[in-house]
Amino acid sequence: MAKEITSRNENYSQWYNDIVVKAGLADHSAVRGCMVIKPYGFSIWEKIQRQLDDMFKATGHQNAYFPLFIPKSFFSKEASHVEGFAKECAIVTHYRLKNDPNGKGVIVDPEAQLEEELIVRPTSETIIWNTYRSWIQSYRDLPILLNQWANVVRWEMRTRLFLRTAEFLWQEGHTAHATKEEAIEETIKMVNVYAEFAQNWLGIPVIVGTKSESERFAGAVETYCIEALMQDGKALQAGTSHFLGQNFAKAFDVKFASKEGNLDYVWATSWGVSTRLMGALVMAHSDDNGLVLPPKLAPIQVVIVPIFRNEEELSAISAKANDIKSKLEQFGITVQFDDRDNLKPGFKFAEYEMKGYPVRIAIGPKDLEKGTVEVARRDLLTKEFVAQEGIEIYIQKLLQTIQNDIFNKALNFREANTTSVETYEEFKVKIENRGGFILAHWDGTPETEAKIKEETKATIRCIPLEGNKEPGKCMVTGKPSAQRVLFARAY
RNA sequence: CGGGGUGUAGCGCAGCCCGGUUAGCGCAUCUGGUUUGGGACCAGAGGGUCGCAGGUUCGAAUCCUGCCACCCCGACCA
């Protein structure tokens with residue numbers, strides 16, 4: 001089985017693709033730009049879903065579901081929104097097929113044309129706000145704090161597994177509020193939920209900030225985001241939270257009566273993360289041996305591989321392995337015992353490394369004699385012998401250590417690849433040579449931003465909320481700048 | 001949508017330029033045996049409308065035309 005993975009340093013795209021495919025996460029499908037998420041990949045996604053869902057519930061949200069199809073007219077109601085999404089939508093024009101009278105197969109029945117086309121949702125603001133109109137009359141109906149787990153379709157020109165597929169899975173939160181302050185508070189609360197999840201669960205350090213005007217979500221007043229740095233020095237937007245002002249309420253005529261008896265438009269937010277997080281996970285931690293999963297997201301945290309010469313040995317080792325397995329499981333650790341007898345241990349080692357299992361335990365005849373096991377860490381590729389006695393405590397601690405170490409390694413990488421520059425010349429050199437995050441002053445104008453993008457392919461990833469807020473002078477124009485902003489080339 | 005490339009067994013490929021036995025190879029699969037502390041070995045077996053549709057020809061994986069799909073590089077984007 002030829003399973004070698006392309007080196008990370010030679011062809012980053014190929015390396016990424018190899019890992020996604022060979023670790024069994026996903027594959028290209030027969031449908032243009034779409035992917036098949038395989039069981040192993042999906043079980044990781046389910047862990048992401050479950051944890052995020054818990055965090056949404058803990059912040060007072062509920063789940064709901066809205067239609068896949070959106071009448072075309074809904075899109076015309078918010079001008080900047082349609083401009084942002086119109087280019088890349090799948091459109092349903094007919095509702096029936098019929099047998100081709102001229103030959104084999106089926107054709108679209110021209111008789112069955114829809115009066116109004118339906119758009120396959122690229123995002124659900126429009127249909128949800130059209131619904132909210134009938135739900136909201138009074139301030140007593142607010143806030144509405146909903147989340148939807150769904151698939152959406154954006155007809156992208158070029159696709160990459162998880163990072164950009166024509167169809168993708170995500171969650172989208174859509175909230176309605178009586179006041180501007182409350183909506184802004186919600187927007188910030190949710191971007192912080194994303195940041196916490198990225199760091200504590202995915203093990204990916206992120207910069208929280210706001211988008212510049214040109215990078216802002218179509219229809220938003222302000223977009224907050226989390227930005228992560230990948231191992232090739234490119235940035236990945238991992239989640240966004242939008243303050244939508246009253247734009248959608250005005251577009252869909254959603255008003256409420258306030259306590260004082262005034263009629264006012266409702267304030268809105270929306271926020272989302274997608275299966276792109278899976279891509280972030282791969283690009284942030286993997287190495288040339290394959291995927292590296294943080295223990296909190298690994299579907300199986302520990303695999304036990306027996307080493308044996310014959311059936312007697314296997315049965316003796318199995319007894320011990322099952323004993324250890326149940327001890328670990330009592331500590332809430334997920335364990336798999338791989339007793340397949342047609343594969344050699346070395347093959348299994350390589351396979352579990354490829355799939356990113358955080359810890360591997362090998363048990364052989366020597367271990368039975370000495371009362372030990374061999375424990376291998378996926379993240380560092382180190383091995384050591386550990387006493388069987390108290391193994392469950394050892395492994396429990398080890399999993400926590402690995403979770404922390406993976407995050408710290410990514411954090412160190414980001415620190416090492418984040419630089420502050422003063423001049424545009426310096427900026428150009430940095431972006432070309434090592435990429436990474438670059439902190440620089442910017443005069444706040446779209447023109448300067450566009451010039452930088454045009455000349456260097458770098459964009460403003462965000463205006464960081466935290467960190468050094470010293471004012472300075474724009475590296476391009478020399479005009480005053482309130483604070484440094486974060487630049488990078490991005491996915 | 002522009003530039004480049006590829007479609008041959010489950011996967012990876014050779015064959016095509018220069019048409020000619022029954023279309024090959026590696027991995028995987030199945031059977032039997034020997035193995036098993038880092039990707040095993042030997043022997044045997046199964047598996048193909050050569051992307052699709054036309055055309056040229058006695059004869060097409062190979063030449064011609066059209067179409068389709070996918071990949072890579074740009075532009076666009078979560």
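Heavy atoms only: backbone and side chains are in, while hydrogens, waters and symmetry mates are out. Keep in mind that this is a model prediction, so the values were computed, not measured. In the text below, chain A, chain B and the rest are named by the order of the sequence lines, each starting its count at 1.
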Would you tell me if any nitrogen or oxygen in the side chain of K344(A) comes within less than 4.0 Å of OP1 or OP2 on G37(B)?
-> yes
Using a cut-off of less than 4.0 Å, is there contact between a side-chain N or O of K366(A) and OP1 or OP2 of G37(B)?
-> no
Ring centre gap for W45(A) and F162(A) strictly below 6.0 Å =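 Centroid distance W45(A)-F162(A): not below 6.0 Å, so no.
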Write down the distance separating the [atom1] atoms in [N] and [M], rounded off to the nearest Å.
| N | M | atom1 | value |
| --- | --- | --- | --- |
| G66(B) | G20(B) | C1' | 27 Å |
| U6(B) | C18(B) | C1' | 23 Å |
| C76(B) | G19(B) | P | 47 Å |
| C17(B) | A61(B) | P | 12 Å |
| U31(B) | A69(B) | C1' | 38 Å |
| C58(B) | G15(B) | P | 29 Å |
| G26(B) | G46(B) | P | 15 Å |
| C52(B) | G2(B) | C1' | 26 Å |

Please name the nucleotide paired to [N] by Watson-Crick or G-U wobble geometry with both distances under 3.5 Å, or report none.
| N | value |
| --- | --- |
| A53(B) | U65(B) |
| G20(B) | C58(B) |
| A28(B) | none |
| U34(B) | A40(B) |
| C70(B) | G5(B) |
| A75(B) | none |

With heavy atoms under 4.0 Å as the rule, sort E313(A) into base, sugar-phosphate or nothing.
-> nothing
At under 4.0 Å between heavy atoms, what does L277(A) touch on the DNA or RNA strands: base, sugar-phosphate, or nothing?
->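 Answer is nothing: L277(A) stays at 4.0 Å or more from every strand.
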Length of the [atom1]-[atom2] vector between [X] and [N], whole Å:
| X | N | atom1 | atom2 | result |
| --- | --- | --- | --- | --- |
| L343(A) | A28(B) | CG | P | 10 Å |
| E454(A) | A75(B) | CD | P | 10 Å |
| D341(A) | A40(B) | CG | C1' | 14 Å |
| L314(A) | G37(B) | CG | P | 14 Å |
| E351(A) | A40(B) | CD | P | 12 Å |

Below 30° counts as parallel, above 60° as perpendicular, anything between as tilted: where do the rings of [X] and [Y] land?
| X | Y | value |
| --- | --- | --- |
| F168(A) | W170(A) | perpendicular |
| Y194(A) | W271(A) | perpendicular |
| H61(A) | F56(A) | perpendicular |

Separation of W129(A) CH2 from H81(A) NE2 (nearest 0.5 Å) |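 Atom-to-atom, H81(A):NE2 and W129(A):CH2 are 12.5 Å apart.
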Closest listed nucleotide, where the reference is the side chain of [X] and the choices are [options]:
| X | options | answer |
| --- | --- | --- |
| F347(A) | G38(B), G37(B), A40(B) | A40(B) |
| T159(A) | G38(B), C71(B), G37(B) | C71(B) |
| R276(A) | A78(B), G39(B), G37(B) | A78(B) |
| R164(A) | C77(B), G39(B), G37(B) | C77(B) |
| F308(A) | C76(B), U36(B), A78(B) | U36(B) |
| R360(A) | G38(B), A78(B), G37(B) | G38(B) |
| A350(A) | G38(B), C77(B), U36(B) | G38(B) |
| S274(A) | G38(B), G37(B), A78(B) | A78(B) |
| F349(A) | G38(B), G37(B), G39(B) | G38(B) |

Got a sec: does the CD of Q336(A) have more than 12 other heavy atoms crowding it under 6.0 Å?
-> yes
Can you find a donor-acceptor N/O pair under 3.5 angstrom joining the side chain of E353(A) to the base of G38(B)?
->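 By the distance-only test, yes, there is a pair.
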Without swapping roles, check the side chain of N192(A) against the backbone of I188(A) for a donor-acceptor pair under 3.5 Å.
-> yes
Residue mapping more 5' on RNA chain B - nearest nucleotide basis, S214(A) or I363(A) |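 So the residue in question is I363(A).
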